[in-house]
Amino acid sequence: MEKTARALIAIALVLSFVGIMILASASQAIGELNYRSPYFFLIRQGVFAVLALVAAFIVSRLNYQYWSGKTAFLLGFVSVGLLLITLAVGKEINGSKRWLDLGFFSLQASEIAKLTSIILVASWMAHMQRKAGTFWKGLMFPAGVLGMLAVLILLEPDYGTTLLVVSVGFVIMFMAGSKLGYIVIASSLGLVSFTYLVMLNEVRMRRIVAFLNPEKYAELEAYQLISAIHAFVMGRTVGVGYGNGMQKEHSMPEAHTDFIFAVLGEDGGLRATLFVLLLFVGLFVCGLRISLKAHDQFGKLLGLGITFMITFQALLNMGVVTGCLPTKGLALPFMSYGGSSLIMTAVMVGILVNIAHQNADEALSAKAIPIKERSHWF
Amino acid sequence: MVGLAFSGVAAKLIWLHTLGPFDELRLEIAENRRFETQTKGARGRVVDRNGRIMALDLGRANVAVDPSYLAQKNTNVLDVCRFLSRHLQMDLAMVKNKLLVDNKKYTMLKRAVPVDVAERIRDQRIKGVILENVTKRYYPHKHLMSHVVGFSNYHGTGSLGVEQTMDTYLKGKAGLRIGVKDGRRSEVYGHREMEIAAEPGNNVVLTIDQYLQYHVEQELARAVTNYHAKGAWAIVMDTRTGDILAMASKPDFDLNEYGKTGEEVMRNQAISYLYEPGSAVKPLIFAAALNEKLVDPDEEIDCEGGAWYYANAVLHDFHGYGILSAADVLKKSSNIGTAKIALRLGDAVVDRYLRQFGFGAKTGLMLPGEQTGIFRRHDTWQKISITRIAIGHEMSQTSLQVLCAINTIANNGFRVKPQIVRRIEDAEGHILHAFHPQVVGQPIRREVARHMQVLMGRVTEQGGTGRRAAMEKYKVAGKTGTAEKVINGQYDRRKNIASFVGFLPAENPRITMIVAIDEPTTLRTGGVTAAPVFKRIAVRAVRILNLPPSPPQEMTERASR
């Protein structure tokens with residue numbers, strides 16, 4: 001089991017390294033334009049990377065059991081509070097209120113909410129044990145908690161993260177034993193209302209139409225998407241060379257964040273994009289193996305939630321950038337610029353590593369105290 | 001399912017990167033990124049004979065805005081409006097008008113803003129405000145020698161004066177830049193394919209002396225005011241070389257504001273205004289007669305008491321005279337006396353001489369707008385014509401033509417081509433082309449010219465028409481001229497051109513000058529209006545050119561005669 005953990009750590013480190021490297025290429029033009037320094041984003045991301053490493057290390061040493069029970073509720077309150085504050089006084093960028101301005105750092109509350117939703121649902125479902133199949137305790141309560149977080153994120157608005165949180169939540173519930181029928185019905189209902197909301201929202205609707213008809217909307221909505229496609233096309237097999245890509249030169253406003261994968265595609269070509277894709281596949285496999293071997297239900301659900309969260313997000317991002325999915329504002333884990341995203345992703349990997357450690361330590365797992373008895377410690 | 005999704009993305013990646021039919025698209029993308037621009041070479045300078053700058057290119061910036069981008073990226077567009085209106089000194093309402101439109105991607109706000117103002121705007125880094133570096137032609141002396149220097153227009157093409165005639169020299173050589181542009185259409189650093197540097201144009205060195213020009217313009221302005229004249233112009237020429245030392249025409253205009261100037265004001269009257277030169281032609285007739293040995297300065301000519309009937313018309317003198325010596329005919333400017341001398345020469349000879357003096361042809365001065373004038377061939381003359389042509393009627397000439405003709409006498413019989421450009425230098429100061437003095441003819445013998453210089457010197461003596469042009473220490477030779485303007489084919493007695501053309505020092509001429517006053521109203525004749533202006537300019541000119549005074553015997557001679 002230690003082997004899988006080591007592989008996971010290696011994959012995460014390589015992804016982060018490739019991420020920093022490609023960010024250096026992608027963020028120069030935009031940094032020069034907006035902050036008069038080509039290294040503005042690189043330096044900040046470097047600092048975030050160090051913080052992320054420290055956070056991941058601490059979390060990996062922290063027994064994952066601590067996250068359940070009262071901690072989960074506490075995290076839930078904190079997340080809801082942060083989301084509410086964000087909605088009230090958040091910084092608006094491109095029509096979305098997603099950031100809390102802390103001066104030196106903009107906190108993205110939804111990043112914390114993502115982990116919180118996993119912990120909350122996993123903790124609850126693990127706690128329910130055999131009642132997981134019931135309607136109220138197995139479906140309505142966790143779905144309600146998810147719904148509350150989802151609505152708050154949706155209000156920002158951040159449709160991508162909402163979709164992510166809800167679908168990962170349902171995956172955890174399904175794994176925990178919620179009835180498939182319930183899940184199908186609930187997710188269908190969720191999907192219908194989500195679609196309805198999308199259709200109500202003009203910007204999102206235009207994005208969908210533009211996605212279906214990119215040439216017609218080349219000037220406006222699909223501009224960035226077409227730029228990204230052009231980046232991949234220009235990259236060919238081996239890429240145009242590190243730093244030589246041109247699409248990042250103000251053709252994609254989000255080259256350093258959501259569209260960084262396209263920059264990688266132009267600079268490094270198919271070699272690089274397939275390599276990163278395979279790394280995410282590896283991450284998914286490692287995460288799955290670790291989770292399924294967890295000794296208790298909470299560990300298993302928590303690990304699965306994390307694994308699916310990172311994988312789904314990576315898939316959604318790559319799907320959007322390659323033109324398989326309509327545009328959503330989602331970061332590519334490990335690679336896109338952003339402190340909240342990088343640190344939270346690192347924390348998630350740290351938790352996975354801890355789960356792996358616990359699995360390996362038979363003695364420790366034998367001594368594992370049931371959650372119920374331990375909850376009064378907090 | 002996750003595996004399926006990964007496979008899907010991988011398949012799309014392989015399709016986009018390699019398998020898809022995107023070769024044409026790749027070429028198109030590369031072509032779209034490429035840009036080719038011509039870079040402008042700075043226009044050369046125009047300097048006076050001593051290197052004082054009259055025209056130069058200055059770095060400036062055009063301030064433009066992208067209104068839609070600006071509105072999108074700035075929370076308070078009104079603040080931006082206020083800021084721009086304050087720094088560009090534009091009306092706030094006008095700035096708002098240009099900024100508060102959504103559907104535009106580019107609007108020019110103000111052209112050719114000084115560099116320091118542009119820098120202040122650039123420092124604010126307002127998104128949607130575009131600053132473009134340009135050069136602007138600047139004329140530091142504004143009105144001074146506006147007709148000579150001329151201006152280059154918005155496209156950088158010379159449109160008047162030396163700026164026009166020397167355009168090919170002044171114009172910089174365009175450079176070529178091929179590179180890669182980014183999504184915001186500006187060049188990407190480090191991807192330049194080709195750079196052929198633009199080359200600056202050559203500098204034009206004028207023959208004009210800026211100091212002298214300044215004084216000439218001052219005196220002309222004063223004359224226009226004093227005589228309530230419509231305008232006035234003057235040319236000062238180096239007698240021996242034909243270099244124009246000063247050429248001015250009033251009214252003039254600020255070269256930097258050429259757009260607000262009427263076409264009439266832009267006309268260089270000294271070379272384009274056609275008028276009957278009048279008495280200024282008399283010395284040429286006299287010189288021709290002397291050259292043909294048909295007149296003796298001391299012989300007596302009957303001036304008929306001021307009215308002479310010839311060829312069914314009466315010719316009048318301004319003041320009536322009885323018998324005058326031939327020399328005094330010139331001194332007193334008798335029409336009748338001059339006409340009688342011309343009759344001795346005959347039509348063909350008068351025609352030939354006047355053409356040799358340069359009448360009826362352009363002088364070839366390198367300024368735009370020079371007029372040829374009208375000087376009919378003698379076979380179309382009527383019987384009366386020769387008596388009228390001898391006194392400068394029945395023809396129209398420019399002041400420059402008259403000046404060049406008189407200068408032939410001053411220059412010992414050699415007619416030289418007037419020059420306005422001394423030399424062309426490249427940006428480093430190497431001489432590319434020098435315009436050397438050019439003799440274009442010798443209508444009269446040297447001793448005849450020397451004799452004429454003495455005779456014309458008498459015009460400014462006591463009893464001469466040009467006595468108001470006389471100077472204290474320099475002997476001035478010259479001739480007055482007063483011509484009635486022809487309005488709709490009729491002489492208009494109230495409107496005339498009063499002129500004085502002459503040279504000094506008379507015994508060794510160094511400068512030749514013509515002064516013309518257009519429609520003086522308080523006083524009329526050249527002797528009382530143009531001659532004093534001539535003197536005032538000459539006083540300045542001899543100091544600036546550091547000319548030696550005439551020997552004392554030349555000056556005392558005046559009293560003896």
Side-chain angles (χ1 to χ4, degrees), chain A residues 28-29 32-36 38 92 94 171 223-224 227-239 243-244 246-253 255 261-262 265-266 269-274 276-278 280-281 284-285 288 307-308 311-312 314-319 321-325, chain B residues 1-35 66 68-69 71-75 102-103 105 122-130 179-193:
Chain A
Q28 284 190 16
E32 176 67 45
L33 179 72
N34 290 343
Y35 299 98
R36 288 190 133 168
E92 194 170 324
N94 295 337
V171 167
Y223 168 65
Q224 190 149 229
S227 290
I229 302 265
H230 285 181
F232 288 113
V233 167
M234 292 307 277
R236 301 184 125 163
T237 315
V238 294
N244 289 341
M246 278 296 149
Q247 293 302 109
K248 63 175 188 278
E249 305 283 347
H250 305 303
S251 286
M252 292 185 287
F261 193 56
E266 192 177 17
L270 184 65
R271 276 191 320 187
T273 48
L274 269 192
V276 166
L277 188 90
L278 286 175
F280 277 113
V281 172
F284 177 67
V285 172
L288 223 52
T307 307
F308 275 97
T311 310
F312 275 3
L315 272 171
L316 279 175
N317 177 281
M318 293 190 286
V321 178
T322 53
C324 304
L325 295 169
Chain B
M1 238 174 76
V2 170
L4 218 63
F6 271 121
S7 314
V9 172
K12 185 73 187 259
L13 280 174
I14 293 168
W15 171 255
L16 288 176
H17 275 307
T18 54
L19 293 183
F22 297 128
D23 283 338
E24 252 173 59
L25 179 64
R26 285 189 186 103
L27 286 176
E28 196 187 308
I29 294 168
E31 189 51 42
N32 283 343
R33 287 170 178 175
R34 202 164 162 275
F35 79 94
D66 177 344
S68 58
Y69 189 65
Q72 189 193 331
K73 289 283 178 184
N74 292 279
T75 42
D102 337 306
N103 47 6
K105 283 262 174 218
R122 202 188 303 270
D123 282 344
Q124 294 293 317
R125 298 181 71 80
I126 306 166
K127 288 181 178 176
V129 174
I130 305 155
V180 176
K181 63 175 187 282
D182 63 21
R184 296 169 59 82
R185 293 185 193 84
S186 41
E187 191 184 0
V188 181
Y189 177 79
H191 287 264
R192 195 171 288 177
E193 260 177 57

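Since the structure is predicted, the reported quantities are computational estimates derived from the model, not experimental observations. Naming: A, B, ... by sequence-line order, numbering from 1 per chain.
Once rounded to the nearest 0.5 Å, the distance linking CG of B/Leu16 with NE2 of A/His230 reads 10.0 Å. In this structure, NZ in A/Lys248 is found 11.0 Å from CG in B/Asp182, a value given to the nearest 0.5 Å. Atom-to-atom distance recorded for B/Lys12:NZ and A/Leu325:CG is 9.5 Å, nearest 0.5 angstrom.
Top candidate by heavy-atom pairs under 4.5 Å with chain B, chosen from A/Met318, A/Glu266, A/Arg36, is A/Arg36. Ranked by heavy-atom pairs shorter than 4.5 Å toward chain A, the options B/Val9, B/Val180, B/Leu13, B/Ile14 are led by B/Leu13.
Using cut-offs of 30° and 60° on the angle between ring planes, the pair B/Phe6 and A/Phe284 is tilted.
Side-chain contact between B/Trp15 and A/Thr322: absent, with no pair of heavy atoms (C-beta onward) separated by less than 4.5 Å. Within the 4.5 Å cutoff, no side-chain heavy atoms of A/Met246 are placed close to those of B/Ile29. The closest side-chain heavy-atom distance from B/Arg33 to A/Gln247 is below 4.5 Å.
Of the two parts of B/Leu25, only the side chain, counted from C-beta on, holds a non-hydrogen atom closer than 4.5 Å to a non-hydrogen atom of chain A. At a 4.5 Å heavy-atom cutoff, the contact between A/Phe280 and chain B is made by backbone and side-chain atoms alike. No part of A/Gln28 comes within reach of chain B, as not one of its non-hydrogen atoms sits under 4.5 angstrom from that chain. Heavy-atom distances place no part of B/Lys181 under 4.5 Å from chain A, backbone and side chain included. With a threshold of 4.5 angstrom between heavy atoms, B/Val188 approaches chain A through side-chain atoms but not through N, CA, C or O.
Evaluation of the side chain to side chain contact (heavy atoms under 4.5 Å, CB included) rule for A/Val285 yields A/Val281, A/Arg289 as partners, not counting sequence neighbours. The side chain to side chain contact (heavy atoms under 4.5 Å, CB included) check on A/Arg236 picks up B/Asp23, B/Arg26, with sequence neighbours excluded.
B/His17 places no side-chain N or O within 3.5 Å of a backbone atom of A/Thr237 that could act as its donor or acceptor partner.
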